[in-house]
Amino acid sequence: MKFPTAMAFLVASLTACGFARADSTAAPAAASELRNPFDQGTWNFSLTGSYVTPIRFSDDKLTNLSIAGGYYFWDNHAVNVELQGYYDDRPDGAERALIGGVGLLFRSHLLTRDRWSVFVDGGGSVTYADHEVPQFGTNFNFIGKVGLGASFQLEERTFLMAGARYFHLSNGQIRGRDDNPSYDGVQFWGGVMWTW
C-alpha cells in the first residue's frame with residue numbers, strides 16, 4: 001500500500017470513527033455507568049475480616065477485624081485510616097493474646113472494568129497486645145503489609161472486596177536485635193466497602 005493510499009485510508013477510518021462516536025453519544029448512558037466509583041474526592045468506609053497464616057519461622061495464627069475510613073485523593077488512589085483488632089491463637093498452649101492497632105492503608109486501583117477493579121494496597125500500623133507477641137517478643141509492635149486485591153460493585157456505592165497480602169509484625173528492634181522475634185505470614189482478607 002503506497003503512502004497516499006495509506007493516508008486516505010487512515011483519514012477515512014478516523015472520520016468513520018468520529019461519526020460512530022457521535023452516534024454513540026446521541027443516547028447517553030446512565031450516570032452511574034459513566035461515573036468512576038473511585039473518583040478523586042470520594043470518601044469510603046469499610047469493614048474487613050482476615051486470617052493470617054504463618055510462614056517462615058512464625059507459628060501464631062492471627063484473626064482480625066478492621067474498620068476503616070478513607071478518601072480518594074486522586075482518581076483510583078486512596079488513603080485509609082484503620083482501627084484493627086487481632087486475636088492471636090498461639091501454639092503449644094501459650095496464653096492467647098488480644099491486639100489492638102491503628103494504621104494507614106494506601107490503595108491504588110490499577111484496573112477498573114465495568115463492576116470490577118483490581119488493586120494493590122499496603123500500609124503500616126502500630127499495635128499493643130495484652131501479652132508479648134510473638135511469644136518472648138514485646139507488647140508493642142509494628143505491622144507492615146502489602147498485597148493484591150479485587151473489588152466487585154454490588155450496588156452504585158457498595159463493593160465486595162477480597163485479597164491477599166504479605167504480613168510482617170515486629171518491634172523494630174526497640175529492645176535490640178536479640179529481642180525481636182518477628183512474625184511473617186500471608187493475610188487472606190475480605191469485606192465490604194461503601195462510598196459517597
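Along the sequence shown, residues are numbered consecutively beginning with 1. Keep in mind that the numbers below use all heavy atoms, side chains included, and drop hydrogens, waters and symmetry copies.
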Considering all heavy atoms, the nearest [X]-[Y] contact:
{"X": "Ser170", "Y": "Ser182", "value": "CB-CB, 3.7 Å"}
{"X": "Ala68", "Y": "Asn80", "value": "CB-CB, 4.4 Å"}
{"X": "Gly185", "Y": "Val52", "value": "CA-CG1, 4.0 Å"}

With sequence neighbours excluded, what pairs up with [X] under the ring pair (Phe, Tyr, Trp, His ring centres under 6.0 Å) test?
{"X": "Tyr87", "result": "none"}
{"X": "Phe45", "result": "none"}
{"X": "Phe38", "result": "Tyr72, His109, Phe159"}
{"X": "His131", "result": "none"}

[atom2] on [Y] to [atom1] on [X], rounded to 0.5 Å:
{"X": "Leu169", "Y": "Phe142", "atom1": "CG", "atom2": "CZ", "result": "10.5 Å"}
{"X": "Leu160", "Y": "Ser151", "atom1": "CG", "atom2": "OG", "result": "9.0 Å"}
{"X": "Phe119", "Y": "Leu110", "atom1": "CZ", "atom2": "CG", "result": "10.0 Å"}
{"X": "Phe167", "Y": "Ile55", "atom1": "CZ", "atom2": "CD1", "result": "11.0 Å"}
{"X": "Thr53", "Y": "Tyr51", "atom1": "OG1", "atom2": "OH", "result": "4.5 Å"}
{"X": "Arg157", "Y": "Asn44", "atom1": "CZ", "atom2": "CG", "result": "12.0 Å"}

Selection residues 97-118 - residue pairs positive for salt bridge (charged side-chain N to carboxylate O under 4.0 Å, His left out), sequence neighbours left out
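Found Arg107-Asp121.
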
Any salt bridge (charged side-chain N to carboxylate O under 4.0 Å, His left out) pairs touching residues 181-196, not counting sequence neighbours?
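For residues 181-196, and leaving out neighbouring residues, the salt bridge (charged side-chain N to carboxylate O under 4.0 Å, His left out) pairs sorted by first residue read Arg56-Asp184.
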
Just by distance, with hydrogens left out, do Asn76 and Asn36 show a side-chain donor and acceptor under 3.5 Å apart?
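Checked: Asn76/Asn36 side chains pair up, N/O donor to acceptor below 3.5 Å.
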
If only side-chain N and O atoms count, and only distance matters, is there a donor-acceptor pair under 3.5 Å linking Asn139 with Asp130?
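No, no side-chain donor-acceptor pair sits under 3.5 Å.
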
Salt bridge (Lys or Arg N to Asp or Glu O under 4.0 Å) partners for Asp39, two or more places apart
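Per chain and number, Asp39 pairs via salt bridge (Lys or Arg N to Asp or Glu O under 4.0 Å) with no residue.
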
With sequence neighbours left out, write down each residue that passes salt bridge (Lys or Arg N to Asp or Glu O under 4.0 Å) with Arg96, or none if nothing qualifies.
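Result, salt bridge (Lys or Arg N to Asp or Glu O under 4.0 Å) vs Arg96: Asp89.
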
[X], [Y]: one ILVMFWY side-chain cluster at the under-4.5 Å cut-off?
{"X": "Ile67", "Y": "Val81", "result": "yes"}
{"X": "Ile143", "Y": "Leu104", "result": "no"}
{"X": "Trp43", "Y": "Val79", "result": "yes"}
{"X": "Ile99", "Y": "Val126", "result": "no"}
{"X": "Phe152", "Y": "Leu47", "result": "yes"}

Check residues 187-196 and write down every donor-acceptor pair under 3.5 Å in which the side-chain atom is one partner and the other belongs to a residue at least two apart or another chain.
{"residue": "Gln187", "atom": "OE1", "partner": "Arg165", "partner atom": "NH1", "Å": "3.1"}
{"residue": "Gln187", "atom": "NE2", "partner": "Ser50", "partner atom": "OG", "Å": "3.0"}

Can you check side-chain contact (heavy atoms from CB on, under 4.5 Å) on Val118 and Leu148, steps first, answer last?
CA-CA 8 Å; Val118 176; Leu148 188 67; 4.0 Å; yes

Side-chain (Asp60) to main-chain (Pro134) donor-acceptor, under 3.5 angstrom
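No, the answer is negative, given that no donor and acceptor are paired below the 3.5 Å cut-off.
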
Just to verify, what does [X] make a side-chain hydrogen bond (donor to acceptor under 3.5 Å, both in side chains) with, not counting sequence neighbours?
{"X": "Asn141", "answer": "Thr138"}
{"X": "Ser66", "answer": "Asn64"}
{"X": "Gln84", "answer": "Glu82, Ser125"}

What class does the angle between the rings of His168 and Tyr166 fall in, given that below 30° is parallel, 30 to 60° is tilted and above 60° is perpendicular?
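Taking Tyr166 first and then His168, their aromatic rings lie parallel (interplane angle under 30°).
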
